[in-house]
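For reference, the structure discussed in these notes is given below.
In what follows, every chain begins at residue 1, and chains take the letters A, B, ... in the order their sequences are listed. Any value given below was found using the heavy atoms of this structure, including those in side chains, with hydrogens, waters and symmetry copies removed.
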Protein chains: 2
Amino acid sequence: MSALPSGKHDVFQAIADPTRREVLKLLVDQEMPVNVISGHFPISRTAVSKHLRILSEAGLVTERKVGRETRYKLETQPLQELRNWLHYYERYWENKMSALQRLVESDSKKEDE
Amino acid sequence: MSALPSGKHDVFQAIADPTRREVLKLLVDQEMPVNVISGHFPISRTAVSKHLRILSEAGLVTERKVGRETRYKLETQPLQELRNWLHYYERYWENKMSALQRLVESDSKKEDE
DNA sequence: TTGACATGAAACCGATAGGTGTCCTATACT
DNA sequence: AGTATAGGACACCTATCGGTTTCATGTCAA
């Protein structure tokens with residue numbers, strides 16, 4: 001009941017694919033047309049287009065037509081569901097994570113998947 | 001480099017399946033043998049067993065043999081990777097989320113997927 | 001030691017995922 | 001008007017997924 005993502009794909013499935021996670025990362029600071037997005041991947045434009053549709057079904061991106069191009073924009077709102085899900089388990093590591101946690105967190109800064 | 005989950009399944013894929021998320025939820029407060037776990041699902045024991053292996057490959061559960069049974073236990077540590085991933089996008093909704101966020105958060109309390 | 005129970009392993013199956021290439025339409029350029 | 005560009009729609013292919021059933025093995029109880 002927390003989300004109403006239209007299609008059959010939810011956030012969990014949407015972010016399961018590495019390519020789609022890359023797409024989201026790309027869209028973080030700019031809206032982008034399909035061609036530009038697909039230019040960042042070794043796969044075909046059609047394939048990227050399908051990924052975009054899945055992301056769209058999950059509510060993670062929205063599209064907007066500008067002339068002959070379709071610009072995709074990141075929507076972070078559905079990530080709330082993920083965050084809530086995670087939050088449920090967080091109480092579990094709160095006690096046993098300390099030194100290790102710092103390590104992982106500092107590690108995430110140079111992470112670029 | 002942040003995780004070393006042995007197999008080919010990562011955390012993102014592991015939690016993509018609703019059944020597997022249910023399994024994790026089941027294991028939150030107790031270690032459980034396969035039979036008990038599979039008793040909670042309409043699918044076959046073998047199917048549940050396969051889900052458990054995927055979770056195990058992702059590092060989300062560990063197994064321990066006790067007599068003739070194998071007890072599975074939740075491991076929250078790999079969820080850190082997810083948390084870090086999420087954290088990257090959190091700065092994005094911090095400003096635009098306020099009233100809505102409270103709403104979603106209170107919603108998550110009665111959530112039981 | 002004989003039989004029941006717990007589980008993993010293996011072979012199989014239909015549906016879906018991720019990818020491709022081709023085609024069609026709408027918009028832009030000149 | 002005519003051509004090039006952007007992108008969605010469609011048909012198709014292969015690998016993987018989630019599921020099943022059957023079989024094999026190890027352990028507990030009589």
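Among the protein residues, Phe41(B) comes within range of no part of the nucleic acid, since none of its heavy atoms lies under 4.0 Å from any strand.
Side-chain contact check for Leu55(B) versus Leu74(B): every heavy-atom pair is 4.5 Å or farther apart. With contacts defined as side-chain heavy-atom distances shorter than 4.5 Å, the pair Arg21(B)/Lys25(B) does not qualify. Within the 4.5 Å cutoff, no side-chain heavy atoms of Ile54(B) are placed close to those of Leu60(B).
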*Does the salt bridge (Lys or Arg N to Asp or Glu O under 4.0 Å) test come out yes or no for Lys73(A) and Glu75(A), once each step is laid out?*
CA-CA 7 Å; Lys73(A) 176 169 161 287; Glu75(A) 294 295 335; 3.0 Å; yes

*Run the numbers on Phe12(A) and Trp85(A) for side chain to side chain contact (heavy atoms under 4.5 Å, CB included), then give the verdict.*
CA-CA 10 Å; Phe12(A) 292 93; Trp85(A) 183 84; 3.7 Å; yes

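If you walk DNA chain D from 5' to 3' and mark each nucleotide with an atom closer than 4.0 Å to a heavy atom of chain B, the marks span dC17(D) to dC28(D).
The overall bend of the helix from dT1(C)-dA30(D) to dT30(C)-dA1(D), read as the angle between its terminal helix axes built from five base pairs each, is 20° when rounded to 10 degrees.
Within the structure, side-chain hydrogen bond (donor to acceptor under 3.5 Å, both in side chains) pairs that include any residue of residues 31-48 of chain B comprise Glu31(B)-Arg64(B) (at least two apart or interchain).
Counting to the nearest Å, the C1' atom of dG18(C) and the CZ atom of Arg20(A) are 9 Å from each other.
The minimum heavy-atom distance between Asp29(A) and Leu26(A), with the atom names listed, is OD1-O, 4.1 Å. In terms of heavy atoms, Leu27(B) sits closest to Tyr72(B) at CD2-O, 3.6 Å.
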*asked:* At under 4.0 Å between heavy atoms, how does the protein contact nucleotides 19-30 of chain C? Give one character per nucleotide, 5' to 3', with B, S or -.
replied: BBBB----BS--

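For the residue pair Thr70(A)/Glu63(A), the side-chain donor-acceptor check at 3.5 Å is not satisfied.
Of all the residues in residues 29-39 of chain A, Pro33(A), Val34(A), Asn35(A) reach under 4.0 Å from DNA chain D with at least one non-hydrogen atom.
Listed by chain and number, the residues in a side chain to side chain contact (heavy atoms under 4.5 Å, CB included) with Gln30(B) are Met32(B) (sequence neighbours excluded).
Salt bridge annotation for Glu69(B)-Lys65(B): absent, with no cationic side-chain nitrogen under 4.0 angstrom from a carboxylate oxygen.
Regarding contacts with the backbone of dT7(C), every side-chain N or O of Tyr72(B) stays at 4.0 angstrom or more from both OP1 and OP2. Within the 4.0 Å cut-off from OP1 or OP2 of dT16(C), not a single side-chain nitrogen or oxygen of His9(A) is found.
A cation-pi contact, defined as under 6.0 Å to the ring centre and within 45° of the axis, links Arg91(B) to Tyr88(B).
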Throw together a table of side-chain donor-acceptor distances under 3.5 angstrom for residues 13-20 of chain B, partners on residues two or more places apart or in other chains.
from: Asp17(B); atom 1: OD1; to: Thr19(B); atom 2: N; distance (Å): 2.8
from: Asp17(B); atom 1: OD1; to: Thr19(B); atom 2: OG1; distance (Å): 3.4
from: Asp17(B); atom 1: OD1; to: Arg20(B); atom 2: N; distance (Å): 3.1
from: Arg20(B); atom 1: NE; to: Ala14(B); atom 2: O; distance (Å): 2.7
from: Arg20(B); atom 1: NH1; to: His51(B); atom 2: ND1; distance (Å): 3.1
from: Arg20(B); atom 1: NH2; to: Gln13(B); atom 2: O; distance (Å): 3.2

